[in-house]
Novice: 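Mind having a look at this structure? Questions to follow.
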Amino acid sequence: MAEINHFEYGWITPGISYALSVLGSILGLIFAGRIRIAKSTGQKIWWGTLAAWALGGTAIWTMHFMAMLGFAVSGSRIRYDVPITVASALLAVIAVGIGLAIVGTGRLSAVRILAGGLFTGLGVAAMHYSGMAAMQLDGRIDYDPLRVAASIVIAVVAATVALWLGVTVRRGLAIFGSALVMGVAVNGMHFTGMSAMSVHLHDQRTELAGATVSTMLLPIVLLVIFGVVGLVYALLAAPTEEDRAAMAYLDSLRDPAVTAPAPAAVTAPDPVGLRARSSLARPGAQFPSRRDRPTR
């Protein structure tokens with residue numbers, strides 16, 4: 001049996017993976033909270049997609065890959081099957097998205113939360129072990145069934161708690177504290193599953209197909225950077241309730257005011273008959289004198 005090292009670079013890789021899981025959880029909880037208050041189906045789909053990417057893509061799958069950077073097997077090289085690796089990422093995002101759809105639509109209930117958590121947790125576990133299936137090395141990989149079962153239970157519990165927090169937590173400090181707990185749960189599930197793994201080396205080395213960790217590192221890091229920047233931008237660009245209230249107030253000011261009808265003109269008295277003299281109505285006309293009056 002080969003010796004397995006999960007922390008080849010010390011605490012750097014688990015530290016980065018935990019930070020990514022917390023960051024993704026914070027964004028995911030914020031987005032998930034907006035699903036329940038969305039006014040239209042399009043808004044629900046938009047916030048659900050962002051929450052699925054933040055939780056499934058950043059908090060779970062990216063954390064898994066970063067933690068795998070510190071994984072090494074003595075006496076064996078490691079390669080990764082790219083299509084299976086990409087499929088595992090999509091599996092995580094889709095599983096979280098379906099779980100959010102179960103919880104975020106309709107009347108919230110314990111049955112919905114448990115059903116969404118079960119489906120999402122099983123999807124996260126499937127993501128983890130499909131990602132491990134993408135790993136190619138000079139040996140045979142075996143798993144301890146009890147630890148595999150424990151990792152699946154952790155995944156289901158963590159997913160259920162994450163969905164419940166996503167639809168109940170609103171305040172910033174509570175979201176941050178919940179994200180710290182979720183980070184512990186996600187990393188705990190990952191390393192529990194990794195501890196179930198054992199490698200039996202082959203007698204002879206063979207040619208390994210797939211990409212090295214260094215080859216996949218740059219595109220995944222860029223994907224994480226642009227993904228997080230895009231999520232933050234989508235969050236900052238979305239109008240808040242205060243913004244909507246202000247826009248509604250400004251729209252009301254732009255509407256034409258209903259003015260009261262002008263009062264009717266009051267005719268002033270004309271005791272000397274000046275109004276009847278048409279010459280006064282012409283600009284530049286001279287004021288009539290006594291000589292101009294007709295004689296009787």
Side-chain angles (χ1 to χ4, degrees), residues 1-21 24 53 55-96 122-145 147-152 154-155 186-228:
M1 184 180 298
E3 180 182 356
I4 297 177
N5 186 2
H6 297 285
F7 308 101
E8 186 178 12
Y9 303 104
W11 290 99
I12 296 177
T13 50
I16 295 176
S17 65
Y18 179 74
L20 286 173
S21 62
W53 178 256
L55 289 173
T58 303
I60 297 175
W61 184 80
T62 304
M63 170 268 143
H64 166 83
F65 185 82
M66 286 299 170
M68 291 303 298
L69 293 179
F71 177 79
V73 178
S74 299
S76 175
R77 302 158 296 169
I78 297 177
R79 299 289 187 272
Y80 290 91
D81 187 300
V82 175
I84 297 179
T85 302
V86 174
S88 67
L90 296 177
L91 184 61
V93 175
I94 293 173
V96 173
L122 293 177
V124 170
M127 178 279 304
H128 173 80
Y129 289 104
S130 62
M132 297 305 299
M135 188 170 56
Q136 309 293 323
L137 45 78
D138 295 311
R140 187 186 76 253
I141 299 176
D142 294 327
Y143 291 97
D144 181 6
R147 295 190 183 186
V148 170
S151 68
I152 295 175
I154 294 174
V186 172
N187 282 265
M189 177 268 165
H190 172 82
F191 288 107
T192 300
M194 295 300 296
S195 67
M197 177 181 174
S198 61
V199 177
H200 302 269
L201 295 178
H202 294 150
D203 296 333
Q204 296 181 350
R205 289 194 174 189
T206 58
E207 186 66 25
L208 297 177
T212 62
V213 173
S214 58
T215 303
M216 300 178 61
L217 181 60
L218 179 60
I220 291 179
V221 168
L222 293 177
L223 180 64
V224 170
I225 293 174
F226 286 109
V228 171

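Everything numeric here is computed off the predicted structure, so don't read it as measured data.
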Novice: Could you report the tightest heavy-atom contact between A95 and G123, atom names first, then the distance?
Specialist: CB-CA, 3.7 Å
Novice: Looking at I84 and A134, what are the two nearest heavy atoms and their distance?
Specialist: CG2-CB, 3.5 Å
Novice: For side chain to side chain contact (heavy atoms under 4.5 Å, CB included), just list the numbers for M135 and I78, CA-CA rounded to whole Å, side-chain angles, deciding distance to a tenth of an Å, and then say yes or no.
Specialist: CA-CA 7 Å; M135 188 170 56; I78 297 177; 3.6 Å; yes
Novice: If we only count heavy atoms from C-beta on, is the M127 to I60 side-chain gap below 4.5 Å?
Specialist: yes
Novice: More than 12 heavy atoms of other residues, nucleotides or ligands under 6.0 Å from OH of Y9: yes or no?
Specialist: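 Count not over threshold, so no.
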Novice: Minimum heavy-atom separation for V96 and G56, please, with both atom names.
Specialist: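 Shortest heavy-atom separation between V96 and G56 comes out as CG2-CA, 3.8 Å.
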Novice: Can you name the nearest heavy-atom pair linking A211 to M216, along with the distance?
Specialist: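 Residues A211 and M216, closest heavy atoms: CB-CG, 3.8 Å.
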Novice: Taking the side chain as every heavy atom from C-beta outward, state whether D138 and R77 have any atom pair closer than 4.5 Å.
Specialist: yes
Novice: Under the side chain to side chain contact (heavy atoms under 4.5 Å, CB included) rule, what do Y80 and Q136 come out as? Steps first, then yes or no, please.
Specialist: CA-CA 6 Å; Y80 290 91; Q136 309 293 323; over 6 Å; no
Novice: Has S17 got a side-chain atom pairing as donor or acceptor with M66's backbone, closer than 3.5 angstrom?
Specialist: no
Novice: Using only heavy-atom distances, determine whether the side chains of T85 and S88 contain a donor-acceptor pair under 3.5 Å.
Specialist: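 No - no donor-acceptor pair under 3.5 Å links their side chains.
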Novice: Starting from the C-alpha separation in whole Å, work towards a yes-or-no answer on side-chain hydrogen bond (donor to acceptor under 3.5 Å, both in side chains) for S195 and T192.
Specialist: CA-CA 5 Å; S195 67; T192 300; 5.4 Å; no
Novice: In Å and rounded to the nearest 0.5 Å, what is the OG1 to CZ distance from T215 to R79?
Specialist: 8.0 Å
Novice: Using the ring centroid of each side chain, check whether F7 and F191 are separated by less than 6.0 Å.
Specialist: yes
Novice: Any heavy-atom pair between the side chains of I220 and W61 that's under 4.5 Å?
Specialist: yes
Novice: For I12, is the CD1 atom crowded, meaning more than 12 foreign heavy atoms sit under 6.0 Å from it?
Specialist: no
Novice: Hey, does S130 have a side-chain heavy atom less than 4.5 Å from the side chain of L91?
Specialist: yes
Novice: Could you check whether any side-chain heavy atom of F71 comes within less than 4.5 Å of a side-chain heavy atom of M194, counting everything from C-beta outward?
Specialist: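 Yes, at least one pair of side-chain atoms sits under 4.5 Å.
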Novice: In the structure I gave you, are the side-chain heavy atoms of L201 and S76 within less than 4.5 Å of one another anywhere?
Specialist: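 L201 vs S76: side chains touch.
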Novice: Name the orientation class of the two ring planes belonging to Y143 and Y129 (parallel below 30°, tilted from 30 to 60°, perpendicular beyond 60°).
Specialist: perpendicular
Novice: Side-chain contact, heavy-atom cut-off 4.5 Å: H6 with H190?
Specialist: no
Novice: Do V73 and E3 pass the side chain to side chain contact (heavy atoms under 4.5 Å, CB included) test, and can you show the C-alpha distance, the side-chain angles, and the key distance before you say yes or no?
Specialist: CA-CA 6 Å; V73 178; E3 180 182 356; over 6 Å; no
Novice: Drop me the distance from I16's CD1 to L20's CG, to the nearest 0.5 angstrom.
Specialist: 7.5 Å
Novice: Before you tell me yes or no, could you show the steps for M63 and M189 under side chain to side chain contact (heavy atoms under 4.5 Å, CB included), namely the whole-Å CA-CA distance, both residues' side-chain angles and the distance that decides it to 0.1 Å?
Specialist: CA-CA 11 Å; M63 170 268 143; M189 177 268 165; over 6 Å; no
Novice: Between S198 and D144, is there a side-chain donor-acceptor contact under 3.5 Å, judged purely by atom types and distance?
Specialist: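 Looking only at side-chain atoms, S198 and D144 do not form any donor-acceptor pair under 3.5 Å.
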Novice: Tell me, do M197 and D142 make a side-chain contact under 4.5 Å, heavy atoms counted?
Specialist: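 No. Closest side-chain heavy atoms not under 4.5 Å.
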Novice: If we ignore hydrogens and angles and just use 3.5 Å, is the side chain of T58 paired with the main-chain N or O of L55 as donor and acceptor?
Specialist: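 Side chain of T58 to backbone of L55, a donor-acceptor pair under 3.5 Å: no, none is there.
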Novice: I need the minimum non-hydrogen distance between A72 and E8, along with the two atoms involved.
Specialist: CB-OE1, 3.3 Å
Novice: Regarding N5 and S74, do their side chains bring together a donor and an acceptor under 3.5 Å, going by distance alone?
Specialist: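 No, no side-chain donor-acceptor pair sits under 3.5 Å.
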